[in-house]
Amino acid sequence: MAEGIKKVSKQETTVKKVSTSDSETGPLDYTPLKEISFGVQRLRDSFVKENKLSSVQFRLNQLRNLYFAIKDNGEAISRALEKDFYRSPTETKDMELNVSLAELVHTMANLHKWVKKEPVKDVPFSLKNSPVYVERIPLGVVLIITPFNYPLFLSLSGIIGALAAGNSVVMKTSELTPHFSQLFTEIITSALDPDIYYAVNGAVPETTELLNQKFDKIMYTGNNMVGTIIAKKAAETLTPVILELGGKSPGIILDDVKDKDLPTIARRIAWGRFTNAGQTCVAVDYVLVPEKLREKFVKELTRVVDEEFFVGLNKDNKSYTHIIHERAFKSLYKMLETTSGTIVTGGYKNADAATRYIPPLIVDGATWEDSTMKGEIFGPILPIVSYANLDRALSEVITRHDTPLAQYIFTSGSTAPEKNALVAKIARTIRSGGLMINDTILHVGLANAPFGGIGESGYGAYHGWFSFRNFTHERTTIEQPLWKDITLKSRYPPYSDSKSNLAEAALLDYGGKVWFGRKGNVEMNGPSTFFSVWTTMVGVATIGYLFVTS
């Protein structure tokens with residue numbers, strides 16, 4: 001797969017702007033079940049016969065079309081999400097549109113480097129003069145299933161990586177955002193070549209039918225229950241999966257925090273919890289705070305919520321997102337009714353079932369057994385759990401909510417683990433998909449850093465180069481000239497000790513010598529330059545001697 005293969009002529013962008021009026025989009029048009037298998041097969045046939053995406057120029061042109069499709073329809077996308085769950089257009093722009101366009105531009109700017117063959121170094125002596133390299137080839141046809149909470153960003157990020165890697169894409173967006181999903185289908189279908197993209201809309205029956213088809217990779221973002229179903233189904237056909245499953249991500253305040261830093265920490269935690277009404281997979285799901293700081297922190301957090309971020313907030317405020325559906329609203333409301341903690345801000349009695357509005361709520365004095373601590377909240381509720389002993393608190397985290405998608409540590413000391421023993425302890429103890437020190441959720445928007453889970457929060461990473469890697473197969477390729485057979489005869493029968501000695505000498509580095517002994521510490525920086533040069537020279541001489549004598 002090289003950047004110059006099969007160049008195509010420059011394409012012009014023909015993307016149209018799409019309206020979000022109900023008369024044009026209406027309810028989401030579900031894809032007929034009988035059409036799904038044909039749609040997937042059409043892409044598979046095209047991938048094999050046409051393989052348009054083998055041209056990197058074609059990929060770039062398609063990504064260019066995608067860029068202008070999103071940029072030109074940004075306002076329409078924002079209005080659609082406002083209809084679906086009262087999402088503020090500003091929040092959509094800041095949290096989805098801008099980061100999506102940034103990842104697109106980053107991918108297009110670097111794709112020519114990513115597709116280059118990667119030479120394999122330190123090969124055996126017998127391959128020194130043969131080209132040995134890793135080439136990253138497309139997987140084929142991939143399925144991407146995305147959730148409601150950030151439907152544009154999560155959908156586009158997968159599409160960008162899959163197309164950049166040379167794959168055709170079958171897309172399934174959430175039925176819980178019908179206005180957005182209908183609009184997104186129209187926009188992207190009109191922007192991309194029909195031989196490489198197919199959108200499926202629907203709910204459980206349509207998703208089930210999709211999973212009955214054969215794909216070369218599946219990417220799913222959502223909850224653990226559905227993720228487990230998808231992983232089991234994919235295993236039947238040995239289909240690899242990227243799973244991003246969320247989890248109960250802690251915010252941990254260290255006891256070295258100074259009073260002067262509490263306002264900043266409170267702001268960052270409040271933003272990381274209540275953005276998108278808490279419906280964020282990497283949101284701060286609960287706060288662990290030292291007992292000596294609990295009262296001061298809760299007071300400061302309450303002030304930030306009531307007097308800075310959400311002054312006079314009510315269900316009619318256009319800057320605050322609501323809960324996605326009635327079932328989620330009822331679940332959150334029940335959680336509040338049964339908590340043993342104290343709700344210190346907002347007041348859940350101000351919630352409105354008709355519009356699915358729940359204000360930002362802080363639950364002080366929560367325990368590990370509290371209703372708010374049973375699982376991921378996915379709403380605007382933030383329990384505060386105090387601790388007297390950090391080691392015991394970390395033990396509880398691992399026992400109850402191991403391997404979260406993210407963790408957040410707050411300190412007034414150094415942010416560097418090598419300079420702050422407590423930060424180092426937490427980072428080493430809690431395995432998480434991502435880690436931020438003194439801030440929240442920003443890592444998700446990085447176009448050139450991996451984002452993904454570990455353990456219960458999923459596996460596989462994406463964004464930029466890491467999406468490209470995860471949507472390709474890294475194929476080792478060796479170009480072995482026929483004329484070299486004279487140097488390879490030691491591997492052929494009949495076998496002898498002299499042939500075996502020659503094969504061993506040609507395979508082992510440093511002439512078969514090592515720079516470490518049976519006891520003591522192994523040198524962390526590897527062999528010295530003198531050792532490497534001298535043993536290599538001796539090894540080459542030995543190979544020459546064995547070749548002649550054999």
Side-chain angles (χ1 to χ4, degrees), residues 224 243-258 261-262 264-273 275 280-294 297 301 366 368 373 375-377 382-466 524-525:
N224 291 64
L243 296 178
E244 194 267 273
L245 304 177
K248 203 164 180 67
S249 300
I252 305 173
I253 298 176
L254 299 183
D255 62 8
D256 68 356
V257 166
K258 297 179 172 58
D261 293 325
L262 286 175
T264 300
I265 293 173
R267 288 187 196 97
R268 295 182 180 183
I269 288 178
W271 178 70
R273 169 71 270 183
T275 292
T280 303
C281 58
V282 291
V284 182
D285 208 271
Y286 63 103
V287 178
L288 285 173
V289 60
E291 287 182 355
K292 69 177 185 179
L293 294 174
R294 183 193 62 78
F297 171 71
L301 186 63
W368 291 104
M373 294 297 292
E376 186 176 6
I377 295 173
L382 182 59
I384 311 297
V385 180
S386 62
Y387 69 88
N389 181 283
L390 180 61
D391 288 334
R392 283 200 293 269
L394 296 181
S395 178
E396 292 283 5
V397 172
I398 294 171
T399 301
R400 298 171 183 272
H401 309 295
D402 197 14
T403 60
L405 186 56
Q407 63 171 315
Y408 307 104
I409 304 171
F410 296 90
T411 176
S412 290
S414 173
T415 57
E418 59 270 19
K419 296 180 180 180
N420 190 321
L422 292 179
V423 170
K425 173 186 286 190
I426 297 171
R428 181 177 63 249
T429 303
I430 300 177
R431 299 165 297 157
S432 60
L435 166 63
M436 285 202 70
I437 301 165
N438 283 350
D439 213 334
T440 60
I441 74 177
L442 291 176
H443 63 293
V444 182
L446 294 178
N448 57 344
F451 173 70
I454 179 175
E456 291 294 315
S457 58
Y459 47 81
Y462 62 100
H463 288 331
W465 159 248
F466 300 94
M524 292 183 63
N525 295 321

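Below, each value reflects all heavy atoms present in this structure, side chains not excepted, and no hydrogens, waters or symmetry copies. Computed from a prediction, not measured in an experiment: that's the story for all the values here.
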Taking all non-hydrogen atoms of both residues, which atom of T415 and which atom of V423 are closest, and how far apart?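 Between these two residues, the closest heavy atoms are O-CG1, 4.1 Å.
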Please name the pair of heavy atoms, one in F466 and one in N448, separated by the smallest distance, quoted to 0.1 Å.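 What the structure gives for the nearest pair is CE1-O, 3.6 Å.
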Under 3.5 Å, sequence neighbours excluded: what are the donor-acceptor pairs made by side chains of residues 450-457?
unit_1	atom_1	unit_2	atom_2	d
S457	OG	T403	O	3.0
S457	OG	I454	N	2.9
S457	OG	I454	O	2.8

Any sub-3.5 Å donor-acceptor pair from N420's side-chain atoms to S414's backbone N or O?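 Judged by distance alone, yes, a pair lies under 3.5 Å.
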Point-to-point distance, once rounded to the nearest 0.5 Å, from [atom1] of [X] to [atom2] of [Y]:
X    : Y    : atom1 : atom2 : answer
I409 : L254 : CD1   : CG    : 6.5 Å
L262 : K258 : CG    : NZ    : 11.0 Å
H401 : Q407 : NE2   : CD    : 14.0 Å
D256 : F410 : CG    : CZ    : 12.5 Å
E376 : S249 : CD    : OG    : 7.0 Å
T280 : R273 : OG1   : CZ    : 7.5 Å

Under 3.5 Å, which donor-acceptor pairs do the side chains of residues 383-392 form with other protein atoms, sequence neighbours left out?
unit_1	atom_1	unit_2	atom_2	d
Y387	OH	I253	O	2.7
N389	OD1	D391	N	3.0
N389	OD1	R392	N	2.9
D391	OD1	K425	NZ	2.9

Could you walk me through whether W271 and L442 pass the side chain to side chain contact (heavy atoms under 4.5 Å, CB included) check? CA-CA 11 Å; W271 178 70; L442 291 176; 3.7 Å; yes
Residues 433-441, side-chain donor-acceptor partners within the protein, below 3.5 Å, at least two apart:
unit_1	atom_1	unit_2	atom_2	d
N438	OD1	T411	N	2.8
N438	ND2	T411	O	3.1
T440	OG1	R268	O	3.0

